[in-house]
Amino acid sequence: MSKKNKPARVKARLPRGFVDRNAADLCAVNEMTAKISDVFERYGFDAIETPMFEYTDALGKFLPDADRPNEGVFSLTDDDDQWMSLRYDLTAPLARHVAENINEIHLPYRTYRAGYVFRNEKPGPGRFRQFMQMDADSVGAPGVQADAEMCMMLADVMEAVGIKRGDYVVRVNNRKVLDGVMEAIGLGGDENAGRRLTVLRAIDKLDRLGIDGVQQLLGKGRKDDSGDITKGAELNDEQIERLLANFQMKTQQNSMVNTIMKYHADEGELEGLTEEEVELLWHGAYAAGTMALLQGESEVDEIPGLRELVDIWTLIEAAGYNDGRIRIDPSCVRGLEYYTGPVYECELTFPVTNEKGEEVVFGSVAGGGRYDGLVERFTGQKVPATGFSIGVSRLMTALKNLDKLEQSKAVAPVLVTIMDHDRIGDYMLLTKKLRDGLNPRDENGDYLGPPIPVEMYQGNPKKFGNQLKYADRRGCPIAIIQGSDEFAAGEVQIKDLIEGARLAANIEDNETWRESRSAQVSVPAADMVATVKAMLKKEGAGN
RNA sequence: GCAGCUGUAGCUCAGUCGGUUAGAGCGCCUGAUUGUGGAUCAGGAGGUCGGUGGUUCAAUUCCUCCCAGCUGUACCA
């Protein structure tokens with residue numbers, strides 16, 4: 001065929017931001033989700049599942065001005081011209097599910113779900129356009145005890161998947177207090193909504209950009225490594241200073257506690273708090289958040305949300321989770337607008353090394369909060385709810401990079417090779433006998449042990465060498481060989497490929513190598529299963 | 001979206017100060033070996049040099065625009 005007539009071939013390419021997963025990946029994901037589900041179920045959460053597609057309006061992702069969905073969601077029109085979208089999180093579909101079944105559902109409704117979500121945005125290292133989340137939510141649970149429970153369960157989940165105590169922290173905050181702080185520095189009112197959001201986002205970047213970066217973002221703006229400039233919130237120096245005071249607590253702890261105690265005495269607003277409680281509060285660093293209010297010029301009548309935060313902390317303390325597993329932290333803001341009160345997220349605190357061997361700040365692997373308004377969008381009635389999402393894919397990468405993930409490598413099969421092409425049927429029978437023998441069952445038909453895979457070579461059997469090559473590359477521990485000689489004698493050759501590879505290291509001449517038929521024994525067909533079993537045991541594959 | 005960098009074989013990358021037939025390593029295929037993996041040796045397949053337009057006698061090389069990828073940044077429900 002001439003070059004000109006060469007047909008245009010389709011280029012095989014994975015859409016960017018998506019990944020293929022191999023057996024080992026799937027195995028690891030299944031193991032991890034099983035561990036997480038286990039914790040959820042022990043807390044009394046039931047599994048449910050909602051579809052990957054939803055009507056776009058139910059997800060709340062229509063653009064306000066145009067009659068089309070937000071670009072961040074993968075969307076298409078149904079055959080009746082309705083916009084549909086792939087879900088971008090598991091919370092919006094839950095709200096839809098609750099609203100639609102509100103009459104059948106008994107509140108409080110405690111559920112969890114796992115599934116892939118999709119976001120049509122630029123992928124980056126560790127960021128994909130399809131990834132797995134696991135959510136747990138308490139719907140119809142108005143009290144802070146529900147929020148406290150969520151934080152504790154989050155901590156339990158981390159330990160269940162193998163992250164040691166001290167290697168993670170659940171940080172808690174309350175949006176109402178943040179709002180108060182911003183009001184105190186003159187960012188109240190609807191006209192400042194945009195700037196408040198900018199401020200929140202800047203604070204959210206504290207762990208990544210550091211205090212200097214946040215300072216720049218709050219003021220004139222920040223220039224990144226590529227020379228690009230990010231616009232800032234244009235706050236003045238005093239406002240910035242008072243905001244940042246919240247986060248530079250280590251140096252100011254004492255004065256902070258004093259301030260709070262003084263406030264306590266003067267106003268009686270924090271009545272019921274002991275000094276110890278205030279210190280705990282401080283340790284959680286929230287006290288700092290009040291400073292801006294306390295030092296503000298306007299009279300402060302109340303500190304919204306602070307009582308809630310203290311109550312959460314009290315519950316956490318009562319349950320014994322105040323040992324560093326859970327902390328109160330003023331820089332925990334969560335970008336989302338729909339949160340109405342307590343917010344929380346879980347961060348890994350150990351250094352994570354990426355593929356290039358660089359140490360990176362991994363950031364949060366789970367987050368959530370209280371969203372009292374989400375179901376109301378559908379039904380008009382307020383249904384208080386709180387819950388969180390775990391980024392399963394992210395959590396997995398973190399564990400993988402750390403080698404904390406035990407590699408549950410899929411066991412490679414024992415390979416039955418084909419020597420005589422006209423006796424395929426015999427080889428199939430041989431394969432079945434071996435498979436049954438290695439995978440015994442009890443009287444109920446249940447398997448007694450983990451699977452020990454056995455397969456017959458399915459490629460082109462013309463060249464026998466290729467069959468062993470295949471076995472070698474698959475990592476097969478054992479190959480079964482039965483030519484006409486063995487068949488006539490009622491025997492099979494059993495070749496230990498692992499031992500053979502070991503012996504090969506000392507042989508340079510191919511002639512010798514082939515003739516030695518290393519690590520290979522001939523046994524009566526009746527002894528095949530027992531011999532293979534013994535060999536597998538010796539090589540530590542299977543059991 | 002904004003900014004910077006990069007596009008040459010399946011992969012990793014050389015190279016051409018603009019000049020005849022564009023290279024290497026690895027991988028792949030065939031054979032030495034129709035009944036034995038690795039190593040070795042011999043041979044082979046595989047390229048619109050990301051695309052378009054321009055400058056030129058001549059462009060993979062220089063210039064324009066476009067596309068894609070990477071990195072940072074923004075957005076992230």
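Letters A, B, ... are given to chains in the order of the sequence lines, protein chains preceding strands, and every chain is numbered from 1.
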Considering only nitrogen or oxygen atoms on both sides, find all protein atoms under 3.5 Å from nucleotides 1-4 of chain B and state each distance.
unit_1	atom_1	unit_2	atom_2	d
C2(B)	O2'	Asp228(A)	OD1	2.9
C2(B)	O2	Asp228(A)	OD2	2.8
A3(B)	O2'	Ser226(A)	O	2.9
A3(B)	N3	Ser226(A)	OG	3.4

Quiz item: Has Gln82(A) got more than 12 heavy atoms of other residues, nucleotides or ligands less than 6.0 Å from its CD?
Solution: yes
Quiz item: Does any donor atom in the side chain of Glu486(A) or Gln493(A) lie under 3.5 Å from an acceptor atom in the other side chain?
Solution: yes
Quiz item: Are any of Arg222(A)'s side-chain N or O atoms less than 4.0 Å away from OP1 or OP2 of U73(B)?
Solution: no
Quiz prompt | Pairwise P distance, U73(B) and C66(B) [rounded to whole Å] | solution = 25 Å
Quiz prompt | Qualifying residues under side chain to side chain contact (heavy atoms under 4.5 Å, CB included), relative to Arg435(A), sequence neighbours excluded | solution = Thr431(A), Asn439(A), Val454(A)
Quiz prompt | Integer angstrom distance from the C1' of G1(B) to that of U48(B) | solution = 33 Å
Quiz item: Is any N or O donor-acceptor pair between the side chain of Glu486(A) and the base of G35(B) shorter than 3.5 Å?
Solution: yes
Self-check item: Options A74(B), C76(B), G35(B), nucleotide nearest the side-chain atoms of Asp485(A)
Solution: G35(B)
Quiz item: Residues in side chain to side chain donor-acceptor pair (under 3.5 Å) with Arg474(A), at least two apart?
Solution: Glu455(A), Tyr470(A)
Quiz prompt | Whole-angstrom distance between G50(B) and C63(B), as gauged at atom P | solution = 14 Å
Quiz item: How long is the line joining NZ of Lys462(A) and C1' of C29(B), in whole Å?
Solution: 14 Å
Quiz item: Expressed as a whole number of Å, how far does the C1' atom of G4(B) sit from that of U8(B)?
Solution: 22 Å
Quiz prompt | P atoms of A3(B) and C65(B), separation to the nearest Å | solution = 13 Å
Quiz item: Sequence neighbours excluded, which residues qualify as side chain to side chain contact (heavy atoms under 4.5 Å, CB included) partners of Asn236(A)?
Solution: Glu238(A), Gln239(A)
Quiz item: Rounded to the Å, how far apart are Phe74(A) CZ and C76(B) P?
Solution: 18 Å
Quiz item: Touch check for Ser484(A), heavy atoms < 4.0 angstrom, all strands: base, sugar-phosphate only, or nothing?
Solution: base
Quiz item: Distance between the C1' atoms of A14(B) and U61(B), in whole angstroms?
Solution: 14 Å
Self-check item: Partner set under side chain to side chain contact (heavy atoms under 4.5 Å, CB included) for Thr198(A), not counting sequence neighbours
Solution: Ala233(A)
Quiz prompt | Those residues that, when tested against Tyr168(A), pass side chain to side chain donor-acceptor pair (under 3.5 Å) (two or more places apart) | solution = Glu159(A)
Quiz prompt | Quiz item: Arg127(A) side-chain donor-acceptor pair to C76(B) base, under 3.5 Å | solution = yes
Practice problem: Mind calculating the distance between NZ (Lys205(A)) and C1' (G72(B)) to the nearest angstrom? | Solution: 14 Å
Quiz prompt | Nearest-neighbour nucleotide for the Lys463(A) side chain, U73(B), C76(B), U33(B) considered | solution = U33(B)
Quiz item: Could you state the CE-C1' distance from Met419(A) to U34(B), rounded to the nearest angstrom?
Solution: 12 Å
Self-check item: Aromatic ring pairing Phe388(A)/Tyr344(A), orientation class (parallel under 30°, perpendicular over 60°, tilted between)
Solution: perpendicular
Quiz prompt | Residue whose closest nucleotide on RNA chain B lies nearer the 5' end, Pro461(A) versus Asn120(A) | solution = Pro461(A)
Practice problem: Kindly express the pairing pattern of RNA chain B in dot-bracket notation, using | wherever a base pairs with another strand and counting only Watson-Crick or G-U pairs under 3.5 Å. | Solution: (((((((..((((.....[...)))).(((((.......))))).....((.((..]....)).)))))))))....
Quiz prompt | Summary of protein contacts for nucleotides 37-42 of chain B, nucleotide by nucleotide, where a base hit scores B, a sugar-phosphate-only hit scores S (4.0 Å, heavy atoms) | solution = BBB---
Practice problem: Output all residues satisfying salt bridge (charged side-chain N to carboxylate O under 4.0 Å, His left out) with Asp472(A), sequence neighbours left out; order by chain, then residue number. | Solution: none
Quiz prompt | Pairwise P distance, A32(B) and U36(B) [rounded to whole Å] | solution = 11 Å
Quiz item: Got a sec, which residues hit side chain to side chain donor-acceptor pair (under 3.5 Å) with Ser522(A), two or more places apart in sequence or on another chain?
Solution: Glu491(A)
Exercise. Let me know the distance between CG of Asp420(A) and C1' of U34(B), rounded to the nearest Å.
Key: 13 Å
Exercise. Using whole Å, report how far CD of Gln482(A) lies from C1' of U36(B).
Key: 15 Å
Quiz item: If we take the C1' atom in both C29(B) and G46(B), what is their distance in whole Å?
Solution: 10 Å
Self-check item: Atom pair distance, as rounded to whole Å: CZ in Arg16(A) and P in U71(B)
Solution: 11 Å
Exercise. Please determine, for the side chain of Gln493(A), which listed nucleotide (A74(B), C76(B), G35(B)) has the closest atom?
Key: G35(B)
Practice problem: Just jot down the side chain to side chain donor-acceptor pair (under 3.5 Å) partners of Tyr55(A), sequence neighbours excluded, or say none. | Solution: none
Exercise. Return the set of residues passing side chain to side chain contact (heavy atoms under 4.5 Å, CB included) with Val523(A) (not counting sequence neighbours), or none when no residue passes.
Key: Val492(A), Ile494(A), Val521(A), Asp527(A), Thr531(A)
Quiz item: Can you tell me how far P of G35(B) sits from OH of Tyr427(A), to the nearest Å?
Solution: 12 Å
Quiz item: Can you tell me if Gln215(A) and Arg222(A) form a side-chain donor-acceptor pair at under 3.5 Å?
Solution: no
Practice problem: Taking only the side-chain heavy atoms of Ile481(A) (C-beta and beyond), determine which of C76(B), C75(B), G35(B) contains the nearest atom. | Solution: G35(B)
Quiz item: With distance as the sole criterion, is a donor-acceptor pair present between the side chains of Tyr109(A) and His97(A) under 3.5 Å?
Solution: yes
Quiz item: Is there a donor and acceptor pair, one atom on the side chain of Gln520(A) and one on the base of U36(B), closer than 3.5 Å?
Solution: yes
